[in-house]
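So the structure is just underneath, and the comments pick up after that.
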Amino acid sequence: MGAGKSSIGGHLAKKARLPFFDSDREIEERSGASIDWIFAVEGEPGYRLREKKVILDITQTTPLILSTGGGTITIPEVR
């Protein structure tokens with residue numbers, strides 16, 4: 001968190017002329033709930049399930065630049 005993944009990803013996408021996605025922003029937009037709310041109500045398992053669904057959907061568009069959360073690597077299907 002706060003490492004600059006979204007900022008750097010956005011700049012890289014502009015330079016490469018590729019679409020940029022931030023998985024957390026996509027989760028919030030699609031669910032209508034903040035990441036904090038999702039964690040508070042559904043816990044990490046609920047968040048990871050949402051994250052997996054969003055990332056699998058986003059990555060159907062290629063090529064692209066995708067910024068993910070640090071725990072994304074714990075999801076084998078998206079690793």
Side-chain angles (χ1 to χ4, degrees):
M1 192 162 113
K5 296 180 298 288
S6 296
S7 296
I8 292 169
H11 291 297
L12 180 60
K14 283 181 186 175
K15 189 115 175 130
R17 296 184 183 168
L18 294 172
F20 172 70
F21 293 92
D22 179 295
S23 61
D24 280 350
R25 286 187 193 140
E26 288 292 318
I27 292 166
E28 289 179 330
E29 285 180 23
R30 293 176 187 208
S31 68
S34 71
I35 299 299
D36 289 339
W37 184 90
I38 294 168
F39 265 94
V41 173
E42 300 176 1
E44 186 171 353
Y47 169 77
R48 295 292 171 211
L49 180 60
R50 290 175 183 261
E51 183 179 42
K52 178 174 87 173
K53 288 178 182 177
V54 164
I55 291 173
L56 290 175
D57 182 48
I58 290 170
T59 56
Q60 297 306 304
T61 303
T62 56
L64 59 85
I65 305 292
L66 174 63
S67 172
T68 66
T72 303
I73 62 168
T74 65
I75 306 170
E77 297 90 344
V78 298
R79 191 177 312 138

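Both backbone and side-chain heavy atoms feed into the values below; hydrogens, waters and symmetry mates do not. None of these values were measured; they are calculated from a predicted model.
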How many angstroms lie between atom OG of S67 and atom CG of D24, to the nearest 0.5 angstrom?
7.5 Å
Considering all heavy atoms of both residues, which atom of S31 and which atom of I38 are nearest to each other, and what is their separation?
OG-CD1, 3.8 Å
CD1 of I27 to OG1 of T68, rounded to nearest 0.5 Å, is 10.0 Å
Is F20 reachable from L66 through a run of hydrophobic residues whose side-chain heavy atoms are each under 4.5 Å from the next?
no
Once rounded to the nearest 0.5 Å, what's the spacing between atom CD of E26 and atom CD of E29?
5.5 Å
Residue pairs fulfilling side-chain hydrogen bond (donor to acceptor under 3.5 Å, both in side chains) with at least one residue in residues 7-23, sequence neighbours excluded
S6-D22
Count the heavy atoms of every other residue, nucleotide or ligand shown that sit under 6.0 Å from CZ of R25, and state whether that count exceeds 12.
no
With heavy-atom distances below 4.5 Å as the criterion, would you say the side chains of R30 and K53 are in contact?
no
First locate atom CZ of R79, then atom OG1 of T74, and finally report the distance between them rounded to the nearest 0.5 Å.
7.5 Å
In this structure, CD1 of I55 is separated from CZ of F21 (nearest 0.5 Å) by 12.0 Å
What verdict does the side chain to side chain contact (heavy atoms under 4.5 Å, CB included) test give for R50 and V54, after you've listed the backbone C-alpha separation in whole Å, the side-chain angles of each residue and the deciding distance to 0.1 Å?
CA-CA 6 Å; R50 290 175 183 261; V54 164; 5.5 Å; no
Taking side chain to side chain contact (heavy atoms under 4.5 Å, CB included) as the definition, give me every residue that meets it alongside K52, ordered by chain and number, with sequence neighbours left out.
L49, L56, I75, E77, V78
Checking E28 now: which residues fulfil side chain to side chain contact (heavy atoms under 4.5 Å, CB included) with it, not counting sequence neighbours?
S34, I35
Is there a continuous path of hydrophobic side-chain contacts, each under 4.5 Å between heavy atoms, that joins W37 to Y47?
yes
